[in-house]
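In what follows, a single structure is set out as C-alpha cells and then discussed.
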Amino acid sequence: MVPSLTSICQGKIMELLEKSEFHGRLVNDLCKYVPDYLLEPMFRVLLEKGVVTDTALLAYLVPNRLSLKINQARSIRNATFRQIGLNCPNLVTLDLSNCSQVGNSVVRAILQGCPVLEDIRLDRCHRITDSAFDFCESPFERLLGCLSLEAISLQGCPQITGEIITTLNKNCRRLNYLNLSQCKNVKSPKIQHIFEHNQLLSLNLSFIEDISDEAFVLMPLLGSGPTALANSVTLTLSPSKPFSSKRTCPLQKLNLCKSKITDSSIFRMACLVALLEIRLQWCSGITDAGITSLVRNCPKLRLLDLKSCPVTDGGIASIAALCAELKELDLSWCPGFSEEGLAHLVHTGRQGRNEAQQLERLSLEWCMQVTDRTLRALSALTSLKRVRLGGCAGVTTSGVDQLKTYGIVVDS
C-alpha cells in the first residue's frame, strides 16, 4: 500500500522530533498550524523532550479539545496554565501531574472555565492546598467544574490535609474516584467522613501512615445523631457475624496499603457489600479473623492484596470457602501459611465445592515455604492463568516448567 502524503509528512516530522531538531519558533508553528488529529502524537513527544513553550501551549489550547495531558511541563508559567479554562471550555479530562509550579489559582481558574470537567489529575503538585476546590475562595466566579467532577487525584500533594474531605463532600457531589495516596498530612479523624459520600466508588489512601482504625469508626453507621449513637454498639460486632444495616456504602475499590488499621476496621467494613478490590499490603495489624470477616461480608471481591500481612492457613481457608468471584490474590511476603494452607485454594470444601475456582492470578513472591509440591497442587486449579514466584527459593526450574505445561504463565 502506497503511503499518503500526509502520513509521509507526519513520519518525517516525527523523525525530526526524535532527533531533537525542532526548537523555538518551529515548535510554536507546529502547534499552531498542524491539524489537531496529526498534532496529538507530536505534542506528546514535544512534552517528553521539554521543548513546549508558553506560546506553543497557547496555540495547542483550542475550544474543541476534550482531553489535555501536560504532565512534567515545569517550564510553563502559571499565567499560561490559567488560560486553559478560557481556551478549552469543553475540556473533560486534565492531567497536570508533576507540574510543581501549579497552585490554587491555576486550579480555580480551570474549574471556573471548564463546566463539564470530569477528571483532574494533580499528582505531586506541591503548591496545591485544600482551598483549591473551596467555593468560598472564589466568591465572584463559581467553580462550575466542581459540580461535574467525577475523579480527582492528588497523590503526593504535601499540603493537602483532612480538610479536603469536608470540601469535596460539600462541593463535588458527583465524585466517584479519589486518590489521596502519599498525602502525609491527611489524618484519620477527617477521613471517616469520606464514607458519607454516596457516590464514591474508588478510594486510595495508601502510604498514609497516620491512617488508623479511627478513620473507619463511622463506616457502618454512615449517619449521625441519636440513631447513629444508639447503633454504636454494632462497632464491637463479632467477626463471625455480618453487620446488618439498611445503609450500605457503594465503594468498589479501596487501597489502604501501609496503613495502621487492624481487624477492628475490617469488622466495620460490613457495609461494603459492593467492594470489588481491596489492597492491604503491609498492614501488619490484619489477621485471619479480619480476613474472614472481610470475605464473608464482601462477597463480590475480585482482587484481594494481602502482601506482607500475617495471614495463616485459616485465612486462606476462609478465602477459598467464601470468595466466589475472586480473580486475583496476592500472598507475597506472607511467611505465616503452609503448603497445606495453600492447598485450600484447590481442594473442595465441606460442601463439596471450592469457591476459589475462579482464581486467575496468584502472587507468591518471596514465600520460602512454596515448593515444587505446591506448584503440582496449583496445577489442578483449572482457572489459574498466571503465577508470580520471584524469590521463592524452594521452587526449581523443573517445577516451574511442569506448571507451564498446563498453560499457566509463570513470572519468576
Side-chain angles (χ1 to χ4, degrees), residues 31 36 39-40 43-44 46-47 52-161 163-181 183 199 204:
C31 293
D36 191 60
L39 179 60
E40 191 67 35
F43 191 77
R44 287 197 296 268
L46 292 171
L47 278 174
V52 174
T53 63
D54 290 273
T55 303
L57 180 57
L58 285 172
Y60 186 70
L61 301 178
V62 292
N64 63 347
R65 191 164 302 287
L66 303 179
S67 178
L68 192 57
K69 186 175 182 178
I70 322 176
N71 49 0
Q72 297 186 350
R74 297 186 178 91
S75 62
I76 303 298
R77 295 179 302 160
N78 278 341
T80 302
F81 278 133
R82 282 192 284 269
Q83 297 300 309
I84 293 175
L86 295 174
N87 296 355
C88 304
N90 298 308
L91 202 62
V92 176
T93 63
L94 173 64
D95 188 348
L96 296 178
S97 299
N98 298 299
C99 295
S100 55
Q101 72 275 33
V102 170
N104 291 349
S105 63
V106 170
V107 177
R108 284 197 285 267
I110 293 170
L111 293 175
Q112 289 167 4
C114 300
V116 294
L117 188 65
E118 296 179 0
D119 188 328
I120 187 167
R121 312 277 166 163
L122 301 167
D123 300 339
R124 290 168 291 280
C125 291
H126 299 159
R127 298 175 183 270
I128 293 176
T129 70
D130 303 327
S131 63
F133 300 89
D134 193 344
F135 286 3
C136 296
E137 297 294 329
S138 183
F140 303 109
E141 293 285 343
R142 291 192 67 191
L143 304 181
L144 297 176
C146 283
L147 303 178
S148 59
L149 272 178
E150 298 180 4
I152 299 176
S153 184
L154 297 166
Q155 180 173 333
C157 293
Q159 296 194 61
I160 293 295
T161 72
E163 294 297 331
I164 192 72
I165 302 300
T166 303
T167 300
L168 297 181
N169 276 352
K170 181 173 62 175
N171 300 336
C172 303
R173 299 306 303 165
R174 295 183 60 184
L175 190 67
N176 59 53
Y177 172 91
L178 178 61
N179 182 3
L180 297 177
S181 176
C183 293
Q199 296 292 324
N204 189 341

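Below, each value reflects all heavy atoms present in this structure, side chains not excepted, and no hydrogens, waters or symmetry copies.
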Rounded to the nearest 0.5 Å, what's the gap from SG on C125 to CG on L96? Could you check? 6.0 Å
Closest heavy-atom contact between K170 and R173? O-CD, 4.0 Å
Sorted by chain and residue number, the salt bridge (charged side-chain N to carboxylate O under 4.0 Å, His left out) partners of D95 (sequence neighbours excluded) come out as none
Quick one: list whatever passes side-chain contact (heavy atoms from CB on, under 4.5 Å) with N204, sequence neighbours left out. N179, S181, S206, N255
Rounded to the nearest 0.5 Å, how far does CD of Q159 lie from OG of S131? 9.5 Å
Rounded to the nearest 0.5 Å, how far does SG of C88 lie from OH of Y60? 9.0 Å
For A132 and N104, the nearest pair of non-hydrogen atoms, with its separation, is CB-OD1, 3.4 Å
Between C99 and I76, is there a side-chain heavy-atom distance shorter than 4.5 Å? no
Which atom pair, heavy atoms only, marks the closest approach of P89 to P63? CD-CA, 4.0 Å
Distance check, rounded to the nearest 0.5 Å: N90 atom CG versus S67 atom OG? 13.0 Å
In short, salt bridge (Lys or Arg N to Asp or Glu O under 4.0 Å) pairs touching residues 55-70 with sequence neighbours left out are D36-R65, E40-R65
Can you tell me how far apart CG (L122) and CD1 (I128) are? Round to the nearest 0.5 Å. 4.0 Å
List the residues meeting salt bridge (charged side-chain N to carboxylate O under 4.0 Å, His left out) with R77, not counting sequence neighbours, and say none if there are none. D54
Indicate the atoms forming the closest heavy-atom contact of C183 with G156, along with that distance. SG-N, 4.1 Å
Flag if over 12 foreign heavy atoms under 6.0 Å of CZ, R127: no
For the pair L86 and L61, evaluate side chain to side chain contact (heavy atoms under 4.5 Å, CB included) and give the outcome as yes or no after the intermediate values. CA-CA 9 Å; L86 295 174; L61 301 178; over 6 Å; no
Short question: side chain of D123, backbone of Q155 - any donor-acceptor pair under 3.5 Å? yes
Side-chain touch F81/L57, heavy atoms, less than 4.5 angstrom: yes
Write down the atom of Q101, the atom of S75, and the distance for their closest heavy-atom approach. NE2-N, 4.2 Å
From the options I160, L180, D130, select the one residue that forms a side chain to side chain contact (heavy atoms under 4.5 Å, CB included) with I165. L180
Any side-chain heavy-atom pair from E118 and L149 closer than 4.5 angstrom? no
Per side chain to side chain contact (heavy atoms under 4.5 Å, CB included), L117 is matched among L94, V92, L143, I84 by L94
Residue pair F133 / L175, side-chain heavy-atom distance below 4.5 Å: no
For E150, give me all partners under salt bridge (charged side-chain N to carboxylate O under 4.0 Å, His left out), at least two apart in sequence or on another chain. R174
Would you say N98 and R74 make side-chain contact, with heavy atoms under 4.5 Å? yes
Starting at OG of S153, measure out to CZ of R124 and round the result to the nearest 0.5 Å. 8.0 Å
Apply salt bridge (charged side-chain N to carboxylate O under 4.0 Å, His left out) to R142 and list each qualifying residue two or more places apart in sequence or on a separate chain. none
